[in-house]
S.K.: 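This is the structure I have questions about; it appears just below.
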2 protein chains.
Amino acid sequence: MTTAPDPEDLTARARIREAAMRHIGEHGFERATIRGIAETAGVSPGLVRHHFGSKQALREACDEHLVKTMLRLHDEVGNRPLGTLNPVAVMGPYRHYLARALAEGWAAPIFDEMVRIGERWYAEADRDRPDPPDVDPKSRAAVSAAMALSLTVLARHVERGMGVDLDSPQGQDKLLRALLDVHSHPILTPEQAAAARAALDAGPTS
Amino acid sequence: MTTAPDPEDLTARARIREAAMRHIGEHGFERATIRGIAETAGVSPGLVRHHFGSKQALREACDEHLVKTMLRLHDEVGNRPLGTLNPVAVMGPYRHYLARALAEGWAAPIFDEMVRIGERWYAEADRDRPDPPDVDPKSRAAVSAAMALSLTVLARHVERGMGVDLDSPQGQDKLLRALLDVHSHPILTPEQAAAARAALDAGPTS
DNA sequence: TAGGACGCTATACCTATGTATAGCGAGGCG
DNA sequence: CGCCTCGCTATACATAGGTATAGCGTCCTA
């Protein structure tokens, strides 16, 4: 879905941004160095500063580019439930950067955008639901956005746990099937849920 | 469930470890400094090295302590489904460290332990399930472990999305209710799931 | 009481890395 | 042709922070 453009075709500025996203995605913001990014981009470290001013500002430019990419993707993908999308394929090479962005605490707009998407989806899905949900849609959307994104953020762990390479077709197939199963079999039966809700209504405990 | 002991009662070594877990939890491993940790622990920076040798080794000691705490907690909590536990209460003050540990890629043993716990739970839950699951239990366990942990890892985002303070009783109540709803209402209906599975069987697409 | 082990501090060192500045060369423009 | 702008490089600077070393006081032991 998302594929990285040929570095040859890009302006130096864009190459730096791509390199930054790769480095930050791979090592995190702190461990990514301007010198390393510059080398990958094939430019001098000074040029990075020349174009972006500071490391922080470079990150912000990356964030902005990520958001733009995400919004474009959302248009392509339509209104499918977030949790059923293929986490690897959707964000393509940017997924590592996305994971870092979320995990390291910045990139709030990105998460918030996903909450909004989820909210819209819920609004539609709730129409043909027998029992009226008693929690507000935004909270549910936030929780399920987190759950959907967890596969991206914790990809390495999931990968190890499943014993496959998530980049391989087999890995993605296995992941999608597992997701499918989890999303179509609730952890709680209606009775258990009712009991738990009653317990919550009775009084707060751990 | 987990409460931090009074710093006064701890040996310097333990105080350093607690301070490290707090600093790393708050700022991440890279941004946490030995000097800062030492100050919080009320000791000289040199003592940190004296006791732990290096920053890496200090982190490993923290990891070890976290695993020990987790295993003790698991005994207390019993065999409840991971996703229904209160993410804030369970790990107490260590949850920020846990979040960093998972997000920054180390702490594999911790995740793996949770997969194992989930696997055991699934093995039991599958016995009274009408349709036989066609994905292996470990994959499902890995996926749902990731989803359960996402609320810890992405706590700040969820907090912002829900518009509450997850440390407050109200926040926890709201979170638990949202969790309850999400876990008792599958995103996919059996028909949708069947269709999706059929699509997967037909051939790989995004 | 002498001596050593140990917990701990103070200080110094050194590297990595973000940032700042000076200058170069090519292309556009008068 | 002369000059200026601008993308870009090379170099230097400053500092944060991990690591290393020397030494001090206290308690335990012979």
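Just so we're on the same page: letters track the sequence lines, and every chain starts at 1.
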S.K.: Under 3.5 Å, is there a donor-acceptor pair between the side chain of B/His51 and the main chain of B/Leu47?
M.R.: no

S.K.: Using whole Å, what does the distance between atom P of nucleotide D/dT19 and atom CG of B/Leu58 come to?
M.R.: 10 Å

S.K.: Looking only at heavy atoms, what is the nearest atom pair of A/Arg129 and A/Arg140, with distance?
M.R.: NH1-NH1, 3.1 Å

S.K.: Using a 4.5 Å cut-off on heavy atoms from C-beta on, say whether the side chain of B/Met147 contacts that of A/Val182.
M.R.: yes

S.K.: Strictly below 4.0 Å, heavy-atom distances to any atom of DNA chain D: list the hits from residues 32-39 of chain B, or just say none.
M.R.: B/Ala32, B/Thr33, B/Ile34, B/Arg35

S.K.: If you assign each of A/Arg31 and A/Gly46 to its closest nucleotide in DNA chain C, which residue comes earlier from the 5' end?
M.R.: A/Arg31

S.K.: Go through DNA chain C in 5' to 3' direction and return only the first and the last nucleotide with some atom under 4.0 Å of chain B's heavy atoms.
M.R.: C/dG7 to C/dA12

S.K.: Would you work out how much the helix from C/dT1-D/dA30 to C/dG30-D/dC1 bends between its ends, with each end axis defined by five base pairs, to 10 degrees?
M.R.: 20°

S.K.: Are B/Asp201 and A/Arg177 side-chain neighbours, meaning at least one heavy-atom pair lies under 4.5 Å?
M.R.: yes

S.K.: Does A/Lys138 make a cation-pi contact with A/Tyr122 (under 6.0 Å, within 45 degrees of the axis)?
M.R.: no

S.K.: Between A/Leu179 and A/Asn86, is any pair of side-chain heavy atoms under 4.5 Å apart?
M.R.: no

S.K.: Among residues two or more places apart or on two chains, list those pairs meeting ring-ring contact (aromatic ring centres under 6.0 Å, His included) that have a residue in residues 60-79 of chain B.
M.R.: B/His65-B/Tyr94

S.K.: Looking at B/Phe29, is B/Arg59 sitting on its ring face, NZ or CZ under 6.0 Å from the six-membered ring centre and within 45 degrees of the normal?
M.R.: yes

S.K.: Where do N or O atoms of nucleotides 6-8 of chain D meet protein N or O atoms at under 3.5 Å, pair by pair?
M.R.:
from  : atom 1 : to      : atom 2 : distance (Å)
D/dC8 : OP2    : A/His51 : NE2    : 2.9

S.K.: Not counting sequence neighbours, which residues clear salt bridge (charged side-chain N to carboxylate O under 4.0 Å, His left out) with A/Arg116? List them please.
M.R.: A/Glu113

S.K.: Please test A/Leu66 against A/Met91 for side-chain contact (heavy atoms from CB on, under 4.5 Å), starting from the C-alpha separation and ending with a verdict.
M.R.: CA-CA 9 Å; A/Leu66 181 63; A/Met91 288 309 295; 3.5 Å; yes

S.K.: Are any of the side-chain nitrogens in B/Asp167 or B/Arg95 under 4.0 Å away from the carboxylate oxygens of its partner?
M.R.: yes

S.K.: Nearest 0.5 Å please: distance from the CG atom of A/Leu200 over to the CD atom of B/Gln172.
M.R.: 11.0 Å

S.K.: Can you tell me the distance, in whole Å, between the NZ atom of A/Lys55 and the P atom of D/dA16?
M.R.: 16 Å

S.K.: When you compare the side chain of A/Met70 with that of A/Met114, does any pair of heavy atoms fall below 4.5 Å?
M.R.: yes

